[in-house]
Amino acid sequence: MGLGGMRGGIGGGGAGSGERWRWILFLSLVSVSFLLSFLFLFLSAYSSPTRLRLPGLTTARAAAGVRRGPDALPCLAYLLIGGRGDGHRLLRLLLAVYHPRNRYILHLSADASHEERRDLAAGVAAAAPAAVSFDNVALVGTPTAGTPVGSSGLAGTLRAAAVLLRLHPDWDWFITLNAADYPLVTQDDLIHALSYVPREFNFIDHTSDIGQKESEKVQSMIVDAGIYLSGRTNFFRATQKRPSPDAFKFFTGSPWVILNRRFIEYCVLGWENLPRLLLMYFNNVMLPQEGYFHSVICNSLDFRNSTVNNDLRYKVWDDPPQTEPLFLSMAHYDKMVDSGQPFARRFQANGPLLDKIDEKLLKRPGHGPVPGAWCAGRKSWFIDPCSQWSDVNVVKPGAQALKLQQYINRTLEEADSGAKSCRP
């Protein structure tokens, strides 16, 4: 994510104390407005998602056949995020990770048009009839701004989590994916592998070793215009800096997470004040999604021992690392597959590497979801085998499942040893 956008100086180094106090008051008011905006989004989220329903389909009967809970296979709740022009990419990503057991929220940011959101909803209903029958896909109808480095993205993530908590009381892990991400395993593979993982674990890449980035990442302050101005995706940077916090430890890491339901409830419902205090603080932090969940979980006595220091994404970085990983190419395919990781990023839209993953790893037809044990239709070049379904409570792991299981076992062994987990 680049640091582009409008940058306005807030308060000069030589300004008088009166001017400094005016800007401090301004930043405080913006922080309060952010919290109020989030509370409004939390309350309005219950009615805003568009749920994909069509008359005449046996939605209740299909959904009733899914067994969820502590004694059943895991249920995954996905947030798929994109911006303007990403509608087709989100549809492809959804089809690659779709399973009737799971829950899905699709979020196209506010800069996307109404027509693009409408086309995405229509595309899902046409390409995945099961999504309509099982009523497990929702599209955010009144989205938040997509400021790349500001707090509006964090607000959108928390809002989606609130929607999932409200609509579906039965999922186990919350998984965030971007339009530039793609799976390397089928959902049968992933659900099977996670069925052996204790559900109190949270997969979140994190560190408190900020190093030379402390001035930029911790002490710098920004204001996200997308929080209070409709249609804006720029931000303003303050010229003055604030001291590093001493009331809590600052952690940072990958913005892409796999978090368990209980921790998401803690962040959204907040039976302690820590999530709210850190939400106020991270309102003015650059790239807050690279620090909010990480700092909350590692400063919480209840959750700090539940972390697995890994985001389960295959990435290739430049040297020295930039803000975003490199785009993956055919040259990375073999190492990517051998890694055993369930997801990878970043991919070019509609590139040949995605086609190869669909063909070789996922066996996904170009027009429908990835086939799994739940698909009961006859296979042919013009019939989607997943247009009919059988028992969705059965999974059939494929060839990539063993590599995935071995990789997850290694990460859990590291977690058991306490290696790099919420260490100061």
Side-chain angles (χ1 to χ4, degrees), residues 28 31-49 68-71 74-79 103 105 138 140 144 151-176 197-206 208 227 245-253 255-285 288-309 415 421-424:
S28 300
S31 296
V32 172
S33 70
F34 171 75
L35 183 59
L36 293 175
S37 298
F38 169 68
L39 291 174
F40 171 76
L41 288 173
F42 175 78
L43 293 173
S44 64
Y46 298 164
S47 59
S48 59
R68 299 186 178 93
D71 298 325
C75 174
L76 311 178
Y78 281 91
L79 169 60
R103 307 298 194 180
I105 294 285
V140 176
T144 56
S151 52
S152 55
L154 175 59
T157 299
L158 289 170
R159 179 198 184 183
V163 170
L164 287 164
L165 289 173
R166 170 62 173 151
L167 294 181
H168 308 296
D170 51 13
W171 49 268
D172 299 295
W173 276 288
F174 175 66
I175 302 177
T176 58
V197 176
R199 297 184 192 183
E200 68 267 20
F201 279 125
N202 295 280
F203 295 88
I204 178 168
D205 169 74
H206 60 277
S208 62
I227 290 295
D246 60 9
F248 60 89
K249 187 70 176 179
F250 191 105
F251 285 80
T252 187
W256 311 111
V257 294
I258 301 178
L259 303 173
N260 71 32
R261 180 188 179 88
R262 185 167 176 267
F263 178 66
I264 292 296
E265 288 176 337
Y266 176 71
C267 291
V268 173
L269 304 178
W271 55 84
E272 293 177 343
N273 210 30
L274 177 65
R276 283 182 289 273
L277 290 175
L278 293 190
L279 185 62
M280 297 288 285
Y281 176 82
F282 276 91
N283 176 38
N284 300 121
V285 171
Q289 294 201 84
E290 295 185 1
Y292 174 71
F293 291 120
H294 317 68
S295 296
V296 172
I297 202 167
C298 284
N299 283 276
S300 167
L301 294 177
D302 289 339
F303 293 99
R304 64 176 55 172
N305 294 323
S306 69
T307 59
V308 179
N309 198 358
S421 182
C422 287
R423 295 293 180 88

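Note that the structure is predicted; figures quoted are calculated from it, not measured.
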Heavy-atom side-chain proximity of Arg103 to Arg68 below 4.5 angstrom: yes
Between Ser152 and Thr144, the two heavy atoms sitting closest are O-OG1, 3.7 Å
Checking Tyr292 side chain against Asn283 main chain: does a donor-acceptor pair fall under 3.5 Å? no
So how far is it from Ile264 CD1 to Leu269 CG, rounded to the nearest 0.5 Å? 10.5 Å
Output the distance between atom SG (Cys267) and atom CD1 (Ile297), rounded to the nearest 0.5 Å. 7.5 Å
State, to 0.1 Å, how close Asn260 and Glu200 come at their nearest heavy-atom pair, and which atoms those are. ND2-O, 2.7 Å
Within the 4.5 Å heavy-atom criterion, are Ile258 and Val308 side-chain neighbours or not? no
Asp172 and Pro74 have their tightest heavy-atom pair at OD2-CA, 3.3 Å
Output for pair (Leu259 CG, Thr176 OG1), nearest 0.5 Å, gives 7.5 Å
Student check: side-chain heavy atoms of Cys298 and Lys249 closer than 4.5 Å: no
If you take all heavy atoms of Pro255 and Glu290, which pair is closest and at what distance? CD-CG, 3.9 Å
Compare all side-chain heavy atoms of Phe174 with those of Arg261 and state whether any distance is below 4.5 angstrom. no
What's the separation between atom CD in Gln289 and atom CG in Leu158, rounded to the nearest 0.5 Å? 8.0 Å
Flag, side chain of Trp173 to backbone of Phe201, donor-acceptor distance under 3.5 Å: yes
Below 4.5 Å, heavy atoms only, C-beta onward: do Val257 and Asn202 meet side chain to side chain? no
With distance as the sole criterion, is a donor-acceptor pair present between the side chains of Ser300 and Glu272 under 3.5 Å? no
Quick one, Val140 with Val163, criterion side-chain contact (heavy atoms from CB on, under 4.5 Å). Give me CA distance, side-chain angles, the key distance, then yes/no. CA-CA 9 Å; Val140 176; Val163 170; 5.8 Å; no
Are Phe251 and Ile204 side-chain neighbours, meaning at least one heavy-atom pair lies under 4.5 Å? no
Is Asn273 atom CG crowded by more than 12 heavy atoms from other residues, nucleotides or ligands, each under 6.0 Å away? yes
Would you say that Leu274 contacts Asn299 through its side chain, given a criterion of any heavy-atom pair below 4.5 Å between the two side chains? yes
Could you list the residues that satisfy ring pair (Phe, Tyr, Trp, His ring centres under 6.0 Å) with Phe303, not counting sequence neighbours? Phe263, Tyr266
For Phe282 and Phe293: C-alpha separation, side-chain torsions, deciding distance, then whether ring pair (Phe, Tyr, Trp, His ring centres under 6.0 Å) applies. CA-CA 10 Å; Phe282 276 91; Phe293 291 120; 9.8 Å; no
To the nearest 0.5 angstrom, please state how far the CD1 atom of Ile175 sits from the CH2 atom of Trp256. 13.0 Å
Taking all atoms of both residues into account, what is the closest heavy-atom pair of Pro288 and Ser151, and its distance? CG-CA, 3.7 Å
To the closest 0.5 Å, what do you measure between CG (Leu277) and OG (Ser295)? 12.5 Å
Pairwise side-chain contact, Asn309 with Asp205, heavy-atom cut-off 4.5 Å (strictly under): yes
